[in-house]
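Only one structure is covered here, and it is reproduced in the block below.
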Amino acid sequence: EDDVRPLLGGPLVVAVDNVDAISGGAGELVAALVVDDEDKLRETLDKVPGAEAVTYVDDGVLVAAESPDVLSLARGRAEAGEGLDPAAVDDALSELPDEALLKVYADLDNGVLELPELSGLTDTPWFDRLTTLGATLSFDDSRMNADAFVTAEGAAPTELPLIPDTGES
């Protein structure tokens with residue numbers, strides 16, 4: 001209550017190097033949490049045995065990884081300016097509700113997204129042209145709303161599974 005709760009409320013970003021990592025398969029997770037009170041964060045981390053091996057704090061952001069090696073790789077990418085591009089995330093989410101509880105951004109590596117749940121879509125011509133996904137989950141009274149926005153570079157209108165630029169999808 002006194003250690004963790006004061007650190008919550010800022011944006012949390014979770015990155016995976018492989019989609020399988022989300023469901024506990026092969027791959028590594030790295031998380032970054034923006035906090036208002038960096039001193040409180042450092043005080044709390046001092047209470048966690050071994051935290052220094054899998055976390056670091058930089059400018060009000062806690063970065064945590066599953067292993068010291070993954071943390072080192074993530075830190076190296078960040079220091080080299082090769083981390084997540086905030087402008088790309090903003091672009092992918094720009095058409096979606098601002099006040100959503102959950103926001104998801106995915107760089108689809110030029111259409112390479114292999115999930116068993118999507119196997120029926122992988123045969124469509126536009127699937128290989130997908131580049132980014134933005135999705136949100138929000139609540140309005142007793143309703144849950146899910147919205148998504150995908151970009152597909154080089155796809156002809158006739159290749160799309162939905163009619164583009166309509167509000168009815």
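- Side-chain heavy atoms closer than 4.5 Å link hydrophobic residues (I, L, V, M, F, W, Y) into clusters, and following such links, even through other members, never connects L73 to L29.
- With sequence neighbours left out, L12 forms a side chain to side chain contact (heavy atoms under 4.5 Å, CB included) with V14, A31, L33.
- One hydrophobic cluster holds both M144 and L101 under the rule that ILVMFWY side chains link at heavy-atom gaps under 4.5 Å.
- Looking only at side-chain heavy atoms (C-beta outward), F139 and N145 stay at 4.5 Å or farther from each other.
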Return all side-chain donor-acceptor pairs below 3.5 angstrom for residues 85-95, not counting sequence neighbours, or 'none' if the list is empty.
residue, atom, partner, partner atom, Å
D85, OD1, A87, N, 3.1
S94, OG, D91, O, 3.0

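- E1 meets the side chain to side chain contact (heavy atoms under 4.5 Å, CB included) test with R5; sequence neighbours excluded.
- When all heavy atoms are compared, the tightest approach of D98 to K103 is O-NZ, 2.9 Å.
- With a 4.5 Å cut-off on side-chain heavy atoms, D37 and P6 do not count as touching.
- Between the CG atom in L130 and the CG atom in D107 there is a gap of 11.5 Å [rounded to 0.5 Å].
- Between the CG atom of L41 and the CG atom of L7 there is a distance of 5.5 Å, given to the nearest 0.5 Å.
- When the side chain to side chain contact (heavy atoms under 4.5 Å, CB included) test is applied to L102, the partners found at least two apart in sequence or on another chain are V104, L137.
- By the 6.0 Å contact criterion, CG on D36 is open, its count of non-hydrogen atoms from other residues, nucleotides or ligands being 12 or less.
- Closest non-hydrogen pair, S138 versus A100, comes out as CB-CA, 3.8 Å.
- The cluster map of Ile, Leu, Val, Met, Phe, Trp and Tyr, joined by side-chain heavy atoms under 4.5 Å apart, puts V13 and Y105 in the same cluster.
- Contact of the V150 side chain with the T132 side chain is not registered, since no non-hydrogen atoms from C-beta on lie closer than 4.5 Å.
- Applying the salt bridge (Lys or Arg N to Asp or Glu O under 4.0 Å) test to residues at least two apart or on different chains, the pairs with a partner in residues 40-60 are D3-K40, D3-K47, E38-R42, K40-E43.
- The shortest non-hydrogen separation linking A32 to V61 is CB-CG1, 3.9 Å.
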Inset, instruction - Determine, step by step, whether T55 and V63 satisfy the side-chain contact (heavy atoms from CB on, under 4.5 Å) criterion, reporting the C-alpha distance in whole Å, the side-chain angles of both residues, the deciding distance to 0.1 Å, and the verdict. - result: CA-CA 5 Å; T55 64; V63 178; over 6 Å; no

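- Residues that satisfy the side chain to side chain contact (heavy atoms under 4.5 Å, CB included) test with A65, not counting sequence neighbours, are V30, V70, L71.
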